[in-house]
Each structure stands twice: as C-alpha cells, then as structure tokens.
Participant: 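Could you have a look at this structure, given as structure tokens, before my questions?
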Number of protein chains: 2
Amino acid sequence: MQKSAIIIADAHYLTRLGLRHILAEIPSCELVGEASSEHQLLHKLHTTKADIVVLDYNQPGKFTTDTVEKVRQISPQSRLLIISGDDDKKTIYQVLESGVNSFLSKHCGEKEIVDAIEATTRNEKFYCTNVLNHLLEKSFPKETDCAPTPLSPREIDIVRLVANGLIAKEIAGKLKLSTHTVYTHRKNIMKKLKLGTTSELVRFALTEGLV
Amino acid sequence: MQKSAIIIADAHYLTRLGLRHILAEIPSCELVGEASSEHQLLHKLHTTKADIVVLDYNQPGKFTTDTVEKVRQISPQSRLLIISGDDDKKTIYQVLESGVNSFLSKHCGEKEIVDAIEATTRNEKFYCTNVLNHLLEKSFPKETDCAPTPLSPREIDIVRLVANGLIAKEIAGKLKLSTHTVYTHRKNIMKKLKLGTTSELVRFALTEGLV
DNA sequence: AATCAATTTTAATTAAATCTAAATAAACAT
DNA sequence: ATGTTTATTTAGATTTAATTAAAATTGATT
C-alpha cells in the first residue's frame, strides 16, 4: 500500500514538532516536507508531490486566506487539512466555504487529529466537534421555542400560500373560501405578528421554515 | 478507566451483528444491550444505564423519528449515535436538527464507524463524510454564477426595498421618485424575472441574497 | 350555559398595482 | 454624426387587491 505524502505548513515550530510526532505514529503517512510560510509552501509544492497539505490558517504574514486557493492551483490533487488557531464563527465559515477536506482547531486532542489525518488520507471529510457545533448553529439556528407561532392552523395555511406567491383571490379559490375570508385571516395574521406588509409576511414564512 | 456502556438499537439482525463485532474491537466500549424496536429499546433504557445509544433511524414500524426524543426523555445522559439507512437530504436534516451527537450512514466503512463510536465516547461529535457534504451544501449553497441577475442597479434597489417590506409609496419617498416610477420598475423586474406576484419577488430577493 | 378562539362571511372603503403612453439621458453601433 | 438601444423617469385612467368594521357560525373548554 502506497503511503500518503504529507506536507506540514504551519508558522509555529512547536506545532510542526507536535504534528511530526503524531504523523510518525501513523503507518499510512509519510512526512515529505515542512513549510513555515506561504512562500516556502508554494515552492515546496512545485518540487514535491503531496497527497495532503496540513495547513495553518491565517497566520498574519505567514499564511493568508488566499493560501488555500493558491495551493489548489499549484497542486489540485492535494487534499487540504486545515488546523486553525482561531475558532471564531467568521474564520470557520470562511474555511468551510473554501471547500477544504478536513478542518481541525488547535484545541483538538490527539485522537481527533489522528482521525482527521486518517480520514483525509481516505479522501473523506473530517471536521472536529468545535467546527461541527458552529456549522450546526449556522444550518439550524435555535428556534425561540417559547412561542413557535401564535398562528392557528388555518392561518398557517394562508401564510404558506401567500409565501408561495398566490394572491388572495387564488387562495380563496384553492381553499374554496370567499376572498374576504382570506383577507380577514391575513389581517389577523398581520396583527398577531405585528407585520405591516406582504413582503414582511413572506419573509416571516421563509425564516420560520413554513415553506 | 470506566468503559462506555453501549446499547445497539437496530432493526436488522445483520447490522447488529456487524456492530457487535466492531464494538468488541474497541477496548473502551462495552455492549450492554440490544434492541430491534423502539419498544424494546425504551424498555431496556429503563433497566440499564447507557452512555451511548447506537440508533437505527426511521425503520418503519421499528424506529420512528420520535424515537430520538423518547430516548432523550428516558435517559438524558445517553449520547446518541445515529446510523441511518436513508441518506437523502430530508432525513439528514431531520436528524441533524434533532441534535444528536454523531451521525453515520449505513454506507460508512469500518474506520468511520470506529472513529464515530470513539468520538462519541469522548463526548465529541462525529459526522461521516456523506453527512458533512449535505450539511455543507445547506450552509453554503452553490452560487449560480452564470447569470447573476439581469437587473439594472436601480431595479436592484427597488427589489431590495420591496423585500425589506416597503410598499411602492414608501420606496418612492425614500428614493425621491414618483410612485409611478417605482411601479414601472417593478413591472419591468417582474417581466424580466417572469414573476407574477410580490411574494415571488420577495422570495427571489431572499434566495438570491439581495437582502 | 356561557365563554372563548377559530373560522367564515358581507358590504363599504381605501390603497395599491397595472396599463398605456411617453419623455429624457447615456451608452453603443453603424 | 446619427440612429438605436437601454435605463431611468413620469402622468393619467383604470383595474385590482387590500383594509376596515361588524357579525354569524362552529367547536371546544370551563
């Protein structure tokens, strides 16, 4: 079995040292280079084939947010495993959107790091717990459980149809009601939700996941 | 060190057998029970303390989408590792939103399964590659770069304001235009985008990221 | 039996949207 | 340089949608 060639790109010597020892314990991996700056890394990639680049993210002056893109251009076959010192939302979303294979924060323990490297060698994705928590928060923002919607079932029907682009007359036709009924429902809905316009109603429906 | 007590809840005997053998290889884990239906599982949870429940998801007649909630009520300290046979978007989003610890699909290989179990014992989260791909798609939808919008700058102004809940008269005031001008823009926008109602316009603005 | 919330309707009114038509200015091509 | 297109702006007459206020009906709850 072919070993995976790995390049470590991290601005901190201590971090590189730590990674070096972890990699030494993984039989399927072989460290083929180290770099402490973007310039060094890009140069190394021109001379050495890498299956995985373990990349420090956004060390000012060393690695920037563009490094990911540059690596991809020079060495499209290399998978990227990001280890980020920052674990704020903004950084995490940036990294995730850049489409890297795996993503750890520097707070991860050895087990997660090893798992991440091994998953990446198998061309799988691996995100550490911390990253997953942020990702979930973005995908499934906490609902304000206390009062989901004060709307009645019928009113929810109306909201749905309005948000789907139907006007009152069409809704009346579909639901076999008078258009007046529809308008009354709308009025009550607007009052309950303290909304002023149809647009706000549509936005409510969309953000509330009613459509 | 205390071993993690694990209950396997899966409708398929073969799956349980497979899991049993994987668990036997993990020193930090101890299988303390099996269940092939929700009823059996809930009963088992009343008599046996479980650190982790490995749960098959949505086997009709055996486990339902409510099972997660019921497990949580009976045994709040148990972590949940879902292994789902379905890996369609809808199922995945449902499961993720239910806030489980870890999530595999039945297509995962042994390594991912072992990693997931070990991560879960450490109270970390683990989602398999397949699940991550869907999650990313939801969080960072691909932009349709090809034809961003055929709208003129002024028209985009109008769309924005409409989507923000302003009616034509207010927009006219804000932009120091005649309301007629606003209506004309709206009409042209509707024509360009082939939309029929205000609601559809708002949805366009929201999905296009104009607001 | 009384009350409340949800659902439904009417009639009269008001506000918003549409249609038709057209003027102006800037950008573009022949 | 002139004609053409596109974006922007406006007006008047018309149509349509939305709002308001008042009330009847149903079903559930107390």
Side-chain angles (χ1 to χ4, degrees), chain A residues 143-211, chain B residues 66 69 143-211:
Chain A
E143 321 119 28
T144 53
D145 276 333
C146 13
T149 38
L151 299 183
S152 70
R154 196 53 156 180
E155 287 169 341
I156 289 176
D157 289 346
I158 305 289
V159 174
R160 281 222 176 85
L161 293 169
V162 169
N164 278 323
L166 278 67
I167 60 172
K169 201 205 292 183
E170 294 168 331
I171 296 173
K174 197 162 197 119
L175 263 37
K176 286 172 188 159
L177 295 175
S178 154
T179 57
H180 300 291
T181 310
V182 177
Y183 284 127
T184 304
H185 282 306
R186 274 182 62 139
K187 195 189 72 176
N188 294 335
I189 293 164
M190 298 293 209
K191 195 176 176 185
K192 279 184 183 176
L193 303 176
K194 297 197 180 96
L195 302 176
T197 65
T198 308
S199 299
E200 290 169 345
L201 185 57
V202 175
R203 291 187 69 167
F204 166 83
L206 290 172
T207 58
E208 207 72 2
L210 259 44
V211 283
Chain B
D66 295 330
E69 210 37 59
E143 319 119 31
T144 53
D145 278 332
C146 10
T149 38
L151 299 184
S152 72
R154 197 54 156 179
E155 288 170 340
I156 289 176
D157 289 345
I158 305 289
V159 174
R160 281 222 176 83
L161 293 170
V162 169
N164 277 323
L166 279 66
I167 59 173
K169 202 204 294 183
E170 294 168 332
I171 296 172
K174 194 161 199 122
L175 263 37
K176 287 171 189 161
L177 295 175
S178 155
T179 56
H180 295 291
T181 311
V182 177
Y183 284 126
T184 305
H185 282 307
R186 274 182 60 140
K187 195 188 72 179
N188 293 337
I189 293 164
M190 299 291 211
K191 194 175 176 186
K192 279 184 182 176
L193 303 176
K194 296 193 181 105
L195 303 175
T197 65
T198 309
S199 299
E200 288 168 346
L201 184 57
V202 175
R203 292 188 68 166
F204 165 83
L206 290 173
T207 57
E208 206 73 359
L210 259 42
V211 282

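Per chain, numbering begins at 1; letters A, B, ... match sequence-line order. Note that this is a predicted model, so its numbers are computed, not measured.
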Participant: Look up atom CG in L195(A) and atom CZ in F204(A), then write down how far apart they are to the nearest 0.5 Å.
Facilitator: 7.5 Å
Participant: Heavy-atom contacts under 4.0 Å between residues 159-181 of chain B and DNA chain C, which residues?
Facilitator: I167(B), A168(B), K169(B)
Participant: Find the distance N188(A):CG to dT20(D):P and express it as a whole number of Å.
Facilitator: 11 Å
Participant: Output the rounded distance in Å from NE2 (H185(B)) to C1' (dA7(D)).
Facilitator: 8 Å
Participant: Choose from dT18(C), dT8(D), dA6(C) the nucleotide whose nearest atom is closest to any side-chain atom of K192(A).
Facilitator: dA6(C)
Participant: Mark up nucleotides 21-26 of chain C, 5' to 3', with B wherever a protein heavy atom is under 4.0 angstrom from a base atom, S wherever such an atom reaches only the sugar-phosphate, and - elsewhere.
Facilitator: ------
Participant: So, using side chain to side chain donor-acceptor pair (under 3.5 Å) as the criterion, who are the partners of K174(B) when residues are at least two apart?
Facilitator: none
Participant: Under the rule for side chain to side chain donor-acceptor pair (under 3.5 Å), what residues qualify as partners of E200(B), not counting sequence neighbours?
Facilitator: none
Participant: Quick one: CD1 on I171(A) to NE2 on H185(A), what's the gap to the nearest 0.5 Å?
Facilitator: 10.5 Å
Participant: Taking atom P of dT8(D) as reference, at what distance in whole Å does atom CD1 of I158(B) sit?
Facilitator: 9 Å
Participant: Can you measure K191(A) atom NZ to dA6(C) atom P for me and round it to whole angstrom units?
Facilitator: 12 Å
Participant: Taking it one step at a time, do K191(B) and K187(B) satisfy side-chain contact (heavy atoms from CB on, under 4.5 Å)?
Facilitator: CA-CA 6 Å; K191(B) 194 175 176 186; K187(B) 195 188 72 179; 5.8 Å; no
Participant: Would you say a side-chain N or O of Y183(B) is under 4.0 Å from OP1 or OP2 of dA17(C)?
Facilitator: yes
Participant: dA6(C) C1' sits how many Å from I156(A) CD1, rounded?
Facilitator: 13 Å
Participant: Hey, could you give me the CG/OH distance between L177(A) and Y183(A), rounded to the nearest 0.5 Å?
Facilitator: 13.0 Å
Participant: Round to a whole Å and report the spacing from CD of E200(A) to P of dA18(D).
Facilitator: 15 Å
Participant: Under the side chain to side chain donor-acceptor pair (under 3.5 Å) test, which residues partner S199(B), sequence neighbours left out?
Facilitator: none
Participant: Show me the donor-acceptor pairs within less than 3.5 Å that the side chains of residues 154-165 of chain B make with the rest of the protein, sequence neighbours left out.
Facilitator:
residue, atom, partner, partner atom, Å
E155(B), OE1, S152(B), N, 2.9
E155(B), OE1, S152(B), OG, 3.3
E155(B), OE1, K192(B), NZ, 2.7
E155(B), OE2, K192(B), NZ, 3.4
R160(B), NE, L210(B), O, 2.6
N164(B), OD1, R203(A), NH1, 2.8
N164(B), ND2, R160(B), O, 3.2

Participant: Tell me the closest heavy-atom pair linking M190(A) and T198(A), and the distance in Å.
Facilitator: CE-N, 3.9 Å
Participant: What is the separation between atom CG on L201(B) and atom P on dA16(C), rounded to the nearest whole Å?
Facilitator: 17 Å
Participant: Atom CZ of R186(A) to atom C1' of dT20(D): distance rounded to whole Å?
Facilitator: 14 Å
